[in-house]
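Taking it in order: structure first as structure tokens, then the write-up.
Lettering of chains follows the sequences in order, A, B, ..., and the numbering in each one begins at 1.
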Amino acid sequence: MTIEQSNGNSAAAETVLRQHWISVLAKANGRALELAYGDLAEPPSHERLRGPETGMVMVRGRAGGSGDPFNLGEMTVTRCTVRLADGQVGHGYVAGRDKRHAELAALFDALLQDPARRPSLTRSLIEPLLATQAAILAERARKAAATKVEFFTMVRGES
Amino acid sequence: MYVAVKGGERAILNSHKLLDEERRGDPRVPTLGLNQIEQQLGRAVDRVMTEGALYDRHLAALAIKQAQGDLVEAIFLLRAYRTTLPRFGYGVAIDTAAMAIRRRISATFKDLPGGQVLGATFDYTHRLLDFSLAGEHDSPPAAAVGPAPLDAAMPRVVDLLNLEGLIEEERPDPAKDRVSDLTREPLGFPAPRDMRLQNLARGDEGFLLGLGYSTQRGYGRNHPFAGEIRVGEVAVAFVPEELGFAIEIGEVTLTECQMINQFKGSKSHPPQFTRGYGLAFGHSERKTMAMALVDRALRGQELGEDGEAPAQDAEFVLYHSDNVEASGFVQHLKLPHYVDFQSELVMVRAMRAAQGEAAADD
């Protein structure tokens with residue numbers, strides 16, 4: 001493997017990591033991010049480069065679930081871009097109209113890109129948020145599982 | 001021709017005040033919280049989001065409150081609001097096969113990998129009024145919790161059980177490079193399927209239900225089966241320009257209906273089961289079933305069927321499905337048409353006079 005390829009791979013791995021925390025931050029409850037922000041030992045100063053601003057993203061489905069895409073309808077989305085004092089830029093895109101949620105998501109996205117901060121933030125923020133989201137999903141899936149049904153086909157009588 | 005009128009400002013202002021007072025109702029009754037509407041009138045919220053074509057539970061609840069529960073009016077309010085928001089872009093097409101399932105049933109396949117999951121449904125209820133809900137206390141027993149969650153993988157039934165290729169497959173056309181968007185362009189005919197599906201998704205549930213029903217009663221019959229209905233949460237991903245890769249921005253609750261329809265074949269298509277598709281925001285089962293029936297009916301021409309029935313007539317269906325447009329045009333009849341009517345009066349009088357003269361001449 002050449003050095004270039006190895007760099008390419010690590011950039012790809014970095015993107016996968018970042019996609020993961022961005023997803024967790026977007027799906028989190030805005031209040032949970034506010035609490036986590038309050039818990040930061042040294043709350044970083046940041047400036048807003050864009051937003052927070054609310055707009056829409058068009059949700060697309062596919063004909064038959066797997067065919068050509070079509071436009072189903074829009075959803076409200078709020079986005080924000082921030083820059084930390086050290087120059088690190090973070091982006092937040094969250095469903096809905098909670099501007100603080102978008103700003104905090106952007107802030108944590110910036111912080112998580114800092115290799116020095118990442119391990120502790122992953123442990124203290126991303127992993128617990130993910131665990132909460134997984135628990136909610138599992139609870140819902142267990143309630144649904146309790147409604148699993150076996151239908152029996154009855155043989156129709158001759159008489 | 002409609003000629004505008006002036007005046008009536010005070011009456012209109014007072015009418016709006018009266019409207020507000022009537023909306024609020026008896027002030028001794030606590031005001032409705034949006035969270036109450038969101039939580040306890042969820043199906044109304046789902047319908048308003050679907051036909052308002054904007055997924056935002058809180059805004060839909062506000063629209064329902066403001067419209068005093070008139071859902072078509074609420075849909076209008078939501079459509080009007082969306083015009084004030086910028087569009088960030090188009091999402092990545094969602095994958096309903098990856099849905100976190102709340103409900104998933106098939107009327108065609110009894111034994112499904114992952115199972116038939118009833119979820120929360122009005123089906124099998126007795127439709128008897130429950131007077132226990134009339135009181136202040138409304139604390140139902142907790143829902144049963146299964147020992148294990150559902151299987152993580154709940155593939156779409158129609159993909160999984162495409163027995164011997166007897167059900168037509170839905171595959172993207174690699175040559176197709178654009179997706180119609182009715183929020184940016186008017187309806188055009190012949191309307192491609194993506195345009196039709198967007199129109200039907202936003203279309204009035206009652207209108208589509210009646211049309212879907214008409215196909216079952218013989219007006220464009222196509223022998224439908226509910227191949228699968230699923231309800232649950234799906235992640236929405238978006239590619240921001242500044243990032244250049246897809247990120248998940250949240251989840252939406254969706255209902256999907258896969259209708260499977262008997263088809264005797266044509267010159268270009270072998271005998272097989274064809275498909276109709278329904279997709280809507282929230283838990284909107286009746287809507288997606290009606291949409292799937294009408295989607296299939298509108299495919300008649302491409303499948304070589306004689307398209308004589310109303311549900312098979314794309315112009316008839318698509319031009320009349322939107323309840324914001326329909327409601328606006330029907331209800332504009334209430335606005336003063338005095339000049340219009342005056343000219344008609346003059347004309348009818350002239351016709352009568354002419355008829356009288358003709359009679360006198362005989």
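You'll find the side chain of B/Glu251 stays beyond 4.5 Å of the side chain of A/Gln133, heavy atoms only. Residues B/Thr183 and A/Met58 are in side-chain contact: their nearest non-hydrogen atoms beyond the backbone lie under 4.5 Å apart.
For A/Arg83, the CZ atom sits in a loose shell: 12 or fewer heavy atoms of surrounding residues, nucleotides or ligands are nearer than 6.0 Å.
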Can you list the steps and then say if B/Leu59 with A/Arg97 is a side-chain contact (heavy atoms from CB on, under 4.5 Å)?
CA-CA 10 Å; B/Leu59 286 178; A/Arg97 289 168 298 118; 3.5 Å; yes

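For the pair A/Val57 and B/Tyr90, the tightest heavy-atom approach, listed with the atom from each and the gap, is CG1-C, 4.1 Å. In plain terms, the two heavy atoms of A/His91 and B/Leu243 that are nearest each other are CD2-CD2, 3.6 Å.
Interface residue A/Ile22: backbone and side-chain heavy atoms are both found under 4.5 Å from chain B.
The stretch residues 106-131 of chain A places none of its residues near chain B, where near means some heavy atom under 4.5 Å from a heavy atom of that chain. For a heavy-atom cut-off of 4.5 Å, chain B lies close to A/Arg60, A/Gly61, A/Arg62, A/Ala63, A/Gly64, A/Gly65, A/Ser66, A/Gly67, A/Asp68, A/Pro69, A/Phe70, A/Asn71, A/Leu72, A/Gly73, A/Glu74, A/Met75, A/Thr76, A/Val77, A/Arg79 in residues 60-81 of chain A.
The aromatic rings of A/Tyr93 and B/Phe238 are tilted relative to each other, their planes meeting at an angle between 30° and 60°.
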Side chains of residues 145-154 of chain B: which donor-acceptor partners sit under 3.5 Å, not counting sequence neighbours?
none

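Between chain A and the residues B/Thr96, B/Leu197, B/Asp95, the largest count of heavy-atom pairs under 4.5 Å involves B/Leu197. When A/Ala144, A/Ala95, A/Ala26 are compared by the number of non-hydrogen pairs under 4.5 Å with chain B, A/Ala144 comes out ahead. Looking only at heavy-atom pairs under 4.5 Å with chain B, the residue among A/Leu137, A/Thr15, A/Leu25 that has the most is A/Thr15.
Within the structure, salt bridge (Lys or Arg N to Asp or Glu O under 4.0 Å) contacts touching residues 22-34 of chain A (residues at least two apart or in different chains) are A/Lys27-B/Glu248, A/Glu34-A/Arg100.
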